[in-house]
2 protein chains.
Amino acid sequence: MTKAPSPTRIQKKNRAAILEAALEVFSTHGFRGTTVDQIATEAGLSKPNLLYYFPSKEAIFNELMSGLLDTWLDPLRSLDPDGDPLQEILSYVERKLQMSRDFPRESRLYANEIVQGAPRMLDTISNDLKSLVEEKSALLDSWMAAGKINRTHPKHLLFSIWSLTQHYADFDVQVRTLMGDEDPFDAAPDYLETLYRRMLTPRN
Amino acid sequence: MTKAPSPTRIQKKNRAAILEAALEVFSTHGFRGTTVDQIATEAGLSKPNLLYYFPSKEAIFNELMSGLLDTWLDPLRSLDPDGDPLQEILSYVERKLQMSRDFPRESRLYANEIVQGAPRMLDTISNDLKSLVEEKSALLDSWMAAGKINRTHPKHLLFSIWSLTQHYADFDVQVRTLMGDEDPFDAAPDYLETLYRRMLTPRN
DNA sequence: CGTGAGTTTTACCAGTTGGTCAAATCAATG
DNA sequence: CATTGATTTGACCAACTGGTAAAACTCACG
């Protein structure tokens, strides 16, 4: 189905450079706000040369997106049904926060797409993400039923984790402007751990 | 300094229609992703006709933004130093959440701008918003010092409120897709109230 | 009902953008 | 070192975009 010919050394290098450049540009200007020329320049290629490696701007975007999503959902996937509930959740929050710090561009790329109505991603969300969320919501539910963590709405719990952690990447400019010299990521882990600990630790 | 001539009936109607249309289009496509023609069509005007009322695309955007920001910051401004701390914060959260429900386009317009690095808004953020945040952080701090609410990082507290509430507007597509029939705004107020109550109620 | 300001349209332009194509260049293999 | 396939370039195009100019139309008011 897909082409068989093994990629040459140059192909590998240039495709990687293009995707890296595309991540940089797409994440700060969105799909429509990005020009092929910008990506090409950032990747150190000419526009026709770039289009020799990818058939279109949209193709670059799609490849970037599908590649991203796997990594992106990984922390949620590894929420372990057999682990200690509170610890599992706290670890998930921590991992998500680390991703916001270490891969803010990926977060912003995703945010850009969703804020604008996810025109190129609704399918993925409705399928892959949705089924994963259903599965993990059920897990959270079972933990609540067993009294391991406080009862709340499991989906809203997930949303809150996403929004709180990704905020530091997506609204980075605002956060840093308002915090001045202080690095947001100094206090954030502690803040979020406290928040979820107080919220989820079972009361007696 | 500014022009004095009072706006005619037609001017009033058309300028309002343009701003309404611009909000709709800008909030779903961002500045660069929006064309003047789109706004004009949405407003029921021709492009040159629209440009008779506003000198440029940027001018429309700026007017929209500055108009929005006042309303946007209003809930934070009205955080009352003399009110009951916990209640004040819970009311603030509730108001912000209502704004996400009732004015999601405004929230997305703002989100679009910040995610992309706030190229047209950094000044406002560094000035108006920053000083307001300093003031209210100090207020939160004093409440914590007085033992009225649990001690946490006041700025991170504010960030968390913004991110949790605006998430329902900014990521609306995702939230609704994942929740299916259930209206997100049914359970959200309760979820957030519980969260902040548990987080902030002083321990003894 | 005429007149002038206010409003709208038609035609247009210059710059940008995504993408194509054929020619030129490069690299590896025999 | 010759040849062939991979890579790169320069020239180009059609569609789109923000914005302009001037003519045409509409409307309130005297």
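First the proteins, then the strands, lettered A, B, ... as listed; each starts at 1. The figures that follow rest on heavy atoms only: side chains count, while hydrogens, waters and symmetry mates do not.
Here C/dT17 presents its P atom at 18 Å from CD of A/Glu58, a figure rounded to the nearest Å. Summarising the geometry, the separation between CG on A/Asp37 and C1' on C/dG18 is reported as 10 Å, rounded to the nearest angstrom. Across the protein-nucleic acid pair, A/Phe54 atom CZ and D/dT8 atom C1' stand 17 Å apart, rounded to whole Å. The interatomic distance linking B/Ile18 (CD1) with D/dG18 (C1') rounds to 15 Å, in whole Å. Rounded to whole angstrom, the span from the CD1 atom of A/Ile60 across to the C1' atom of C/dT17 amounts to 14 Å. At whole-Å resolution of the value, CG in A/Leu51 and C1' in C/dC21 are 12 Å apart. Distance B/Lys57 NZ to D/dC16 P: 16 Å, rounded to the nearest Å. D/dC16 atom C1' lies 16 Å from atom CD1 of B/Ile39, rounded to whole Å.
Using a 4.0 Å cut-off, some side-chain N or O of A/Tyr52 falls inside it from OP1 or OP2 of D/dT7. Applying the 4.0 Å criterion to OP1 and OP2 of D/dT7, one finds that A/Gln11 has a side-chain N or O inside that range. Note on A/Arg32: every side-chain N or O is 4.0 Å or more away from OP1 and OP2 of C/dG18. For D/dT8, one of the phosphate oxygens OP1 or OP2 lies less than 4.0 angstrom from a side-chain nitrogen or oxygen of A/Tyr53. A close approach under 4.0 Å does occur between a side-chain nitrogen or oxygen of B/Asn49 and OP1 or OP2 of C/dT9.
Comparing B/Asn14 and A/Lys47 by the nucleotide of DNA chain C whose heavy atom lies nearest to each, the residue mapping closer to the 5' end is B/Asn14. Comparing A/Pro55 and A/Thr35 by the nucleotide of DNA chain C that holds the closest heavy atom to each, the one mapping nearer the 5' end is A/Thr35.
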Exercise for the section: Would you please test B/Arg151 and B/Asp141 for salt bridge (Lys or Arg N to Asp or Glu O under 4.0 Å) and show each step? Expected result: CA-CA 8 Å; B/Arg151 159 133 257 124; B/Asp141 241 338; 2.9 Å; yes
Quick test: give all pairs of protein nitrogen or oxygen and nucleotides 24-30 of chain D nitrogen or oxygen below 3.5 Å, distance rounded to 0.1 Å.
residue	atom	partner	partner atom	Å
D/dA28	OP1	B/Arg9	NH2	2.6

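Ion pairing of A/Asp172 with A/Arg105 is absent here, as no side-chain N (NZ or NE/NH1/NH2) approaches a carboxylate O to less than 4.0 Å. Taking the charged nitrogens against the carboxylate oxygens, B/Lys155 and B/Glu134 do have a contact shorter than 4.0 Å, which makes a salt bridge.
Between B/His29 and A/Phe31, the distance from one ring center to the other does not fall under 6.0 angstrom. Ring to ring, A/His156 and B/Tyr168 are close: their centroids are under 6.0 angstrom apart.
Proximity note for A/Pro48 (side chain, C-beta onward) versus D/dG19, D/dG10, C/dG19: the nearest is D/dG10.
Partner of B/Trp72 under the side-chain contact (heavy atoms from CB on, under 4.5 Å) criterion, out of B/Asp70, B/Leu68, B/Asp74: B/Leu68 alone.
Using a 4.0 Å heavy-atom cutoff across all strands shown, B/Ser46 reaches at least one base atom of the nucleic acid.
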